[in-house]
Amino acid sequence: MRGYPGSLTVRLWNGAQHTLGNASSFTLVLRHPAVLRELVLRPSPVQLADAYFNGLLDFEGDLFEVIVLKAHFERLALNWRDKLDLLRHALRLPPRQGLQLADITGRFNHRHSRTSDREAISHHYDVSNAFYRLWLDEQMVYSCAYFRHPSESLDQAQRNKLEHICRKLRLSPGDRLLDIGCGWGALVCWAARHHGVIAHGITLSEEQLAYAQERVHREGLESQVTVELRDYRDLPQDSRFDKVSSVGMFEHVGLRNQSLYLNHVRGALRPGGLFLNHGITHDEDGWNPGAVASEFINRYVFPDGELDRVSNIQLAMERAGFEIIDVEGLRPHYALTLRHWVQRLETHREAAIAQAGESAYRVWRLYMAACALEFESGGTGVYQILGGRPDGGSWPAPLTREDIYR
């Protein structure tokens, strides 16, 4: 750990304990010597994560402090003598035995076919509705909330977000709304109940479909809301909606399918209609599958997920025939949302493990904490882009944003 800027305690499998720095802010617990062996032979933060998921490594203290180790390992540079000395000691340690998490990356090739997209969505979202219910808000919204102030509750912030989207789309009674990637049905039900629209949601997750359909029935919205299992590429060609929303789904489309996706959205939207695209972005062009963060996300969390710059997404929307009406960055909102999710997941640790297993609990805990730090650092962003399908030069929104904030 030479050069580590912070302070930590390392406890080994044999009970030995070493503190680096003046005051330890957390303790790493190495439960097997193979952890050190692998870190020397394959020095990657992904190896640390894999050891944690398998219970070979643990920590005591602040998870967010632990994640800072990622940056240390990425910039760690040793001279050749130190490398040879480390290698000599590492090869004396026993290799890793026992259960390892399956590497799912071989099942997905970023071609984003209908079959692979459905499998990827199922891998991520079909964990268990009960598992998600433990740490999501009361509306079951799995995307960035909208905080009026940092101390606002997650439940209120997610209600704010649903209403914010509806106002941006200028929903009116009788409007036909299509929600692509509708999740557990929060937005379609909110829009129908509070704005009088006729809403249709599509998803590739069977768990989400079952929950959303039961929700529509429970809330008595059968005459206004329908939800189905459908790929956006299979929308009927004669479908026409007044408004279209896509919230937290664009990340699954894939860069090679951006134009295809946006053309399908434009085809489903009537002239003069509005389209709101809410998606995560990052600060580099394209998607680098070899980067540590990309490898981690694609291997354990979002198979086939891909991000791009917000400017590239706007350009793709314009090339597909949309006029950009409004753009809003929500990066600090997602950082707050993720910290709420981590705290809620940790609070319900035992129930989460009972629902999804110890490894899944650890994956989600580390993933969401790491994402919170990424949003806080500015490496990752999230934007709502409001676009309109042109209709003879008409402007599909009021002259100002005052109606949104009434």
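Residues: numbered from 1 along the sequence shown.
- For F147 and H340, the ring centers sit closer than 6.0 Å to each other.
- Annotation: W135 is in aromatic contact with W364 [ring centroid separation under 6.0 Å].
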**Prompt:** Run the side-chain contact (heavy atoms from CB on, under 4.5 Å) check on I202 and L229 step by step: do they pass?
**Reply:** CA-CA 6 Å; I202 61 173; L229 198 70; over 6 Å; no

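- Legend: residues meeting side-chain hydrogen bond (donor to acceptor under 3.5 Å, both in side chains) with R170, ordered by chain and number and at least two apart, are D403.
- Side-chain contact, Y146 with E328: a donor N or O sits under 3.5 Å from an acceptor N or O.
- Looking at R148 and Q156, their side chains come closer than 4.5 Å, going by heavy atoms from C-beta outward.
- Contacts classified as salt bridge (Lys or Arg N to Asp or Glu O under 4.0 Å) and involving residues 332-345 (residues at least two apart or in different chains) are given here: D155-R344, R339-E376.
- N160 contributes no side-chain N or O that, together with a main-chain N or O of H164, makes up a donor-acceptor pair within less than 3.5 Å.
- Atom CG of L336 is separated from atom CG of L154 by 10.0 Å, given to the nearest 0.5 angstrom.
- The side-chain heavy atoms of Y211 and T203, taken from C-beta on, include no pair separated by under 4.5 Å.
- Just one of V310, L330, L307 meets the side-chain contact (heavy atoms from CB on, under 4.5 Å) condition when paired with I280; it is L307.
- Looking at Y261 and R233, their side chains never come closer than 4.5 Å, going by heavy atoms from C-beta outward.
- We find the NE2-OG distance between H264 and S259 to be 11.5 Å, quoted to the nearest 0.5 Å.
- Pairs passing the salt bridge (Lys or Arg N to Asp or Glu O under 4.0 Å) check and including a residue from residues 348-365, sequence neighbours excluded, read D58-R362, E346-R365, R349-E358, E358-R362.
- Between S246 and F275, the shortest heavy-atom contact is CB-CE1, 4.0 Å.
- Put simply, NE2 on H195 and CD on Q224 are 12.0 Å apart, with the number rounded to the nearest 0.5 Å.
- Side-chain contact check for C144 versus H278: some heavy-atom pair is nearer than 4.5 Å.
- Annotation: the span from N263 atom CG to R319 atom CZ amounts to 12.5 Å, rounded to 0.5 Å.
- Proximity of a side-chain donor or acceptor of R230 to a complementary backbone N or O of V227 within less than 3.5 Å is not detected.
- The side-chain contact (heavy atoms from CB on, under 4.5 Å) with L386 is formed by just one residue from the set I165, L169, V327; it is L169.
- R266 meets the salt bridge (Lys or Arg N to Asp or Glu O under 4.0 Å) test with no other residue; sequence neighbours excluded.
- Across all their heavy atoms, A352 and L345 have their closest contact at CB-CD1, 3.8 Å.
- In this view, C189 and R193, R215, V216, E219, L221 satisfy the side-chain contact (heavy atoms from CB on, under 4.5 Å) rule, not counting sequence neighbours.
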**L187 and C166: CA distance, side-chain angles, deciding distance, side-chain contact (heavy atoms from CB on, under 4.5 Å) verdict** = CA-CA 8 Å; L187 180 57; C166 291; 4.0 Å; yes

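- In terms of the salt bridge (Lys or Arg N to Asp or Glu O under 4.0 Å) criterion, residue partners of R167 (sequence neighbours excluded) are, by chain and number, E163.
- Panel note: side chain N54, backbone D50; a donor-acceptor pair is recorded below 3.5 Å.
- Remark: aromatic rings of Y367 and W341 are distant, center separation not under 6.0 Å.
- Proximity of a side-chain donor or acceptor of N257 to a complementary backbone N or O of G254 within less than 3.5 Å is not detected.
- Enclosure of atom CD in E222 by more than 12 non-hydrogen atoms of other residues, nucleotides or ligands within 6.0 angstrom is indicated.
- H348 places a side-chain N or O within 3.5 Å of a backbone atom of L134 that can act as its donor or acceptor partner.
- Partners of S239 under the side-chain contact (heavy atoms from CB on, under 4.5 Å) rule, at least two apart in sequence or in another chain, are P236, F241.
- Of all the heavy atoms in M140 and N129, the pair that sits closest is CE-O, 3.9 Å.
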**Message:** I'd like to know whether E228 forms a side-chain hydrogen bond (donor to acceptor under 3.5 Å, both in side chains) with H200, so could you lay out the CA-CA distance, the side-chain angles of the two residues, the decisive distance to 0.1 Å, and finally the verdict.
**Reply:** CA-CA 8 Å; E228 66 173 334; H200 182 64; 2.8 Å; yes

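- By the 4.5 Å heavy-atom criterion applied to side chains, W184 and V141 are not counted as neighbours.
- Residues forming a ring pair (Phe, Tyr, Trp, His ring centres under 6.0 Å) with H217 (at least two apart in sequence, or on another chain): none.
- The nearest pair of heavy atoms linking L178 to A268 is CD2-CB, 4.3 Å.
- In this view, E318 and L315, I324 satisfy the side-chain contact (heavy atoms from CB on, under 4.5 Å) rule, not counting sequence neighbours.
- Judged by distance alone, with hydrogens and angles left aside, the side-chain atoms of S205 form a donor-acceptor pair with the main-chain N or O of Q208 at under 3.5 Å.
- Screening residues 382-402 for salt bridge (Lys or Arg N to Asp or Glu O under 4.0 Å) gives D326-R401 as the qualifying pairs, with residues at least two apart or on separate chains.
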**Request:** Let me see the working for V197 and K243 under side-chain contact (heavy atoms from CB on, under 4.5 Å), right down to the final yes or no.
**Result:** CA-CA 10 Å; V197 306; K243 312 290 169 61; over 6 Å; no

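- Smallest separation of non-hydrogen atoms from F53 and S359: O-OG, 3.1 Å.
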**Message:** Applying side-chain contact (heavy atoms from CB on, under 4.5 Å) to F59 and I67, what does each step give before you reach the verdict?
**Reply:** CA-CA 11 Å; F59 72 90; I67 296 172; over 6 Å; no

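- To the nearest 0.5 angstrom, R309 atom CZ is 10.5 Å from Y383 atom OH.
- Taking NE2 of H333 as the start and OG of S143 as the end, the distance is 13.0 Å to the nearest 0.5 Å.
- For Q258, the side-chain contact (heavy atoms from CB on, under 4.5 Å) partners at least two apart in sequence or on another chain are F250, L255, D308, I313, A316.
- At a threshold of 4.5 Å between non-hydrogen side-chain atoms, the residues M249 and Y232 count as touching.
- When side chains are defined from C-beta on, L276 does not count as touching I385, because their heavy atoms never get closer than 4.5 Å.
- Contacts of D242 classified as salt bridge (Lys or Arg N to Asp or Glu O under 4.0 Å), with partners at least two apart in sequence or in another chain: R270.
- Counting all heavy atoms, side chain and backbone alike, G321 lies closest to P390 at O-CD, 3.0 Å.
- For the pair T380/C371, no side-chain contact is recorded, criterion being any heavy-atom separation below 4.5 Å from C-beta on.
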